[in-house]
Amino acid sequence: MISVVSTVESVPRGTGTPALSLYQRIRKVLTRDLLVTLALGQVLSLLICGVGLTSKYLANDFHANTPVFQSFLNYILLFLVYTTTLAVRQGEGNLLAILKQRWWKYMFLGLIDIEANYLVLKAYQYTTLSSVQLLDCFVIPVVLLLSWFFLLVRYKAVHFVGAGLCLLGIGCMVGADILLGRQQGLGDQKLFGDLLVLGGATLYGISNVCEEFIVKNLSRVEFLGMMGLFGSFFSGIQLAIMEHKELLKVPWDWHIGFLYVGFSAFMFGLYSFMPVVMKRTSATSVSLSLLTADLYSLFCGLFLFHYKFSGLYLLSFLIIILGLVLYSSSSTYVAQDPRVYKQFRNTGGQPDPNPLPFSPGVLEPSVIYTSLGAEPRDNLPVCVA
């Protein structure tokens, strides 16, 4: 019986290799690929900061509580750009060909994404900002578990330490909010709002893991095109049922129109850019990077909403960045290549007696899964028994 051993052996080093200095160790960890990856994650955080600020202005200054309508505008933009791109394609990447093969999968994924956005945006009306920031971190263990069981990703101790530091940084930020008195409760509705955040975080985790699988195995344009198609359809139905009265109450003028346009631009940029970063890294790494979005919002609030400053904000930012560096300093790996696993599962635990040979242009199954940075250039030896 042939079995694939899911370990990677390090290339043996010479016994006379001198020990690395502290500076050399830091340079070895802080590579160019790592710094680029961290920078890309912070771009996503800045886009989310823009989404949060425009939503806050709409809800607080103009009393426009329209989370479904805001998401609907984003899905319409995705439809106009990416769905139409799929429609004019030829071959297997065509819109009709994709719908014939897996339309129901994208339908459920579109529903999950719509409700994730709705639940978190709706939660701001019932619970505190601190609670949303803290409970929204629930997306991280959800992504870790789903990646472990469905993407077969395996983590090292340094990854858990890095994720723990990121969560500790969020805890420092929430602690600063409590000390500064920005945690005013909303009575009995607060529990309902907290539950909305937990539900939204869970759906975000499912959506992010599915997005990672699609962009790494299919294509970024296919994912965004399907999100635009099903997202605009189902959010339009939800908008007509739930928010048609709220839209009539909105005092429309150029200020509100500008905020809606700004929200749509930030949201469209976030959806378009996130698959690029996720293909380079992973859903877990992106979720950890997005934790700094709340800090950017607070820093903007110091100037826009006259928030009080606390040194804990800077401390929490540094702790989160340190956690990201630790998580990013080591690559994750796949326990067993999914194609190999599927082959064994379909043959009742026995290998295919007539396996198809790999063509020269197709890479053989690999057990390495790099969570960040560019693809490894050196072929590491894989032990096969």
Side-chain angles (χ1 to χ4, degrees), residues 3-10 34 37-38 41 44 102 105 108-109 112-113 115-116 134-171 197-218 223 274-275 277-291 320 323-346 349 365-373 375-376 380 382-384:
S3 61
V4 177
V5 180
S6 57
T7 58
V8 178
E9 298 177 354
S10 301
L34 173 59
T37 299
L38 293 176
L44 293 179
R102 41 189 175 269
K105 298 179 181 179
F108 283 113
L109 184 56
I112 289 173
D113 194 71
E115 298 310 317
L134 186 61
L135 296 175
D136 198 36
C137 297
F138 186 68
V139 69
I140 294 175
V142 172
V143 170
L144 286 171
L145 288 174
L146 292 178
S147 298
W148 181 283
F149 289 106
F150 294 100
L151 300 184
L152 305 179
V153 178
R154 295 297 179 261
Y155 303 95
K156 304 172 186 176
V158 67
H159 297 123
F160 294 108
V161 173
L165 281 176
C166 291
L167 296 178
L168 178 61
I170 289 294
V197 178
L198 290 175
T202 302
L203 295 180
Y204 270 134
I206 298 173
S207 177
N208 289 346
V209 172
C210 293
E211 179 178 355
E212 178 185 352
F213 179 83
I214 292 171
V215 299
K216 289 184 176 181
N217 293 276
L218 298 174
F223 171 79
M274 183 177 287
V277 182
M278 196 167 290
K279 187 172 184 177
R280 181 185 181 92
T281 61
S282 66
T284 306
S285 181
V286 168
S287 299
L288 293 174
S289 298
L290 297 183
L291 294 179
I320 291 176
L324 287 173
V325 171
L326 282 178
Y327 184 91
S328 306
S329 63
S330 180
S331 62
T332 56
Y333 65 98
V334 174
Q336 192 178 46
D337 188 276
R339 288 171 293 175
V340 178
Y341 174 78
K342 184 177 180 180
Q343 177 187 354
F344 275 76
R345 182 186 60 185
N346 292 342
S366 170
V367 300
I368 292 298
Y369 178 95
T370 304
S371 61
L372 14 140
E375 293 294 330
L380 296 176
V382 179
C383 180
V384 179

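The model shown is predicted, which means the values in this text are computed figures rather than measured ones. Each residue takes its place number in the sequence, starting with 1.
With sequence neighbours excluded, the residues that form a side-chain contact (heavy atoms from CB on, under 4.5 Å) with Ala201 are Asp136, Phe138, Val139. Here Leu218 pairs with Arg102, Tyr106, Ile214, Glu222 under the side-chain contact (heavy atoms from CB on, under 4.5 Å) rule; sequence neighbours left out. Here Val277 pairs with Leu40, Leu44, Phe273, Thr281, Val286 under the side-chain contact (heavy atoms from CB on, under 4.5 Å) rule; sequence neighbours left out.
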- Query: Are Leu290 and Met274 close enough, and set up right, to give a side-chain contact (heavy atoms from CB on, under 4.5 Å), and what steps lead you there?
  - Reply: CA-CA 11 Å; Leu290 297 183; Met274 183 177 287; 3.9 Å; yes
- side-chain contact (heavy atoms from CB on, under 4.5 Å) between Thr284 and Ser147: does it pass, once the steps are laid out? CA-CA 8 Å; Thr284 306; Ser147 298; 4.0 Å; yes
- Query: Does the pair Phe223 and Leu109 meet the rule for a side-chain contact (heavy atoms from CB on, under 4.5 Å), with working shown?
  - Reply: CA-CA 10 Å; Phe223 171 79; Leu109 184 56; 3.7 Å; yes
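The minimum heavy-atom distance linking Cys137 with Leu167 is given by the pair CB-CD2, 3.6 Å. A pairwise comparison of heavy atoms in Ile206 and Val142 identifies N-CG1, 4.3 Å as the closest pair. Minimum interatomic distance between Leu203 and Glu115 (heavy atoms only, all atoms of both residues): CD1-CB, 3.8 Å. Here the closest non-hydrogen pair linking Ile170 and Leu291 is CD1-O, 3.7 Å. Asn208 approaches Ala283 most closely through the heavy-atom pair O-CB, 3.7 Å. Taking every heavy atom of both residues into account, Val143 and Ser287 meet most closely at CG2-OG, 3.9 Å.
Note that CG of Leu288 is 11.0 Å distant from CG of Leu326, once rounded to the nearest 0.5 Å. Rounding to the nearest 0.5 Å places CG of Asp113 at 4.0 Å from OG of Ser207. With values rounded to the nearest 0.5 angstrom, Arg280 atom CZ is found 11.5 Å from Lys216 atom NZ. One finds the OG atom of Ser289 at 10.0 Å from the CD1 atom of Ile320 (value rounded to the nearest 0.5 Å).
At a threshold of 4.5 Å between non-hydrogen side-chain atoms, the residues Ser282 and Val153 do not count as touching.
In this structure, Tyr155 and Trp148 have parallel ring planes: the angle between them is below the 30° cut-off, well short of the 60° mark.
For CZ of Phe213, the number of neighbouring non-hydrogen atoms (other residues, nucleotides, ligands) closer than 6.0 Å is 12 at most. The environment of Phe150 atom CZ is sparse: at most 12 non-hydrogen atoms of other residues, nucleotides or ligands sit within 6.0 angstrom.
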